[in-house]
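These notes are about the structure you will find just below.
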Amino acid sequence: MAKGKKAALEQFKMEAANEVGVTINQGYNGNLTSKQAGSVGGQMVKKMIQAYENAMGE
C-alpha cells in the first residue's frame, strides 16, 4: 500500500475511534478489548457505507 493511502487509512481509523470514544495510538493497539476494537471497526464500516450511499445518490 502506498504511504499516502496508508496514512489516510490511519487517519480514518483515528477519526472513527474518536467518534466512539476509544483512545488508540499510532501503530500497535493490542491493549484494546475486543469490544473497543469492534466498535472502531464497526464505525469505520458505517462511515464507508454512508460515503458509498452518498456517492450513489449524486
Side-chain angles (χ1 to χ4, degrees):
M1 185 180 303
K3 283 187 179 186
K5 290 180 182 179
K6 189 170 184 173
L9 185 58
E10 253 329 280
Q11 180 63 33
F12 181 58
K13 181 172 59 174
M14 292 289 215
E15 289 172 10
N18 188 44
E19 289 171 6
V20 294
V22 175
T23 303
I24 60 173
N25 302 311
Q26 293 281 56
Y28 181 72
N29 284 287
N31 58 324
L32 295 179
T33 65
S34 296
K35 183 177 180 179
Q36 290 171 318
S39 294
V40 173
Q43 182 68 6
M44 290 174 72
V45 170
K46 181 179 175 182
K47 290 179 72 156
M48 286 185 275
I49 291 170
Q50 284 177 333
Y52 180 78
E53 287 175 343
N54 290 342
M56 294 296 294
E58 293 178 0

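- Residue Met14 is tested with Val40, Thr23, Ile24 for a side chain to side chain contact (heavy atoms under 4.5 Å, CB included); the sole match is Ile24.
- Taking CD from Glu10 and CD from Glu15, the interatomic distance works out to 11.5 Å, rounded to the nearest 0.5 Å.
- Heavy-atom minimum distance, Met44 versus Ala16: CG-CB, 3.5 Å.
- Looking at Glu53 and Ile49, their side chains come closer than 4.5 Å, going by heavy atoms from C-beta outward.
- For the atom pair NZ (Lys13) and CD (Gln43), the distance works out to 14.5 Å, reported to the nearest 0.5 Å.
- By the 6.0 Å contact criterion, NZ on Lys46 is open, its count of non-hydrogen atoms from other residues, nucleotides or ligands being 12 or less.
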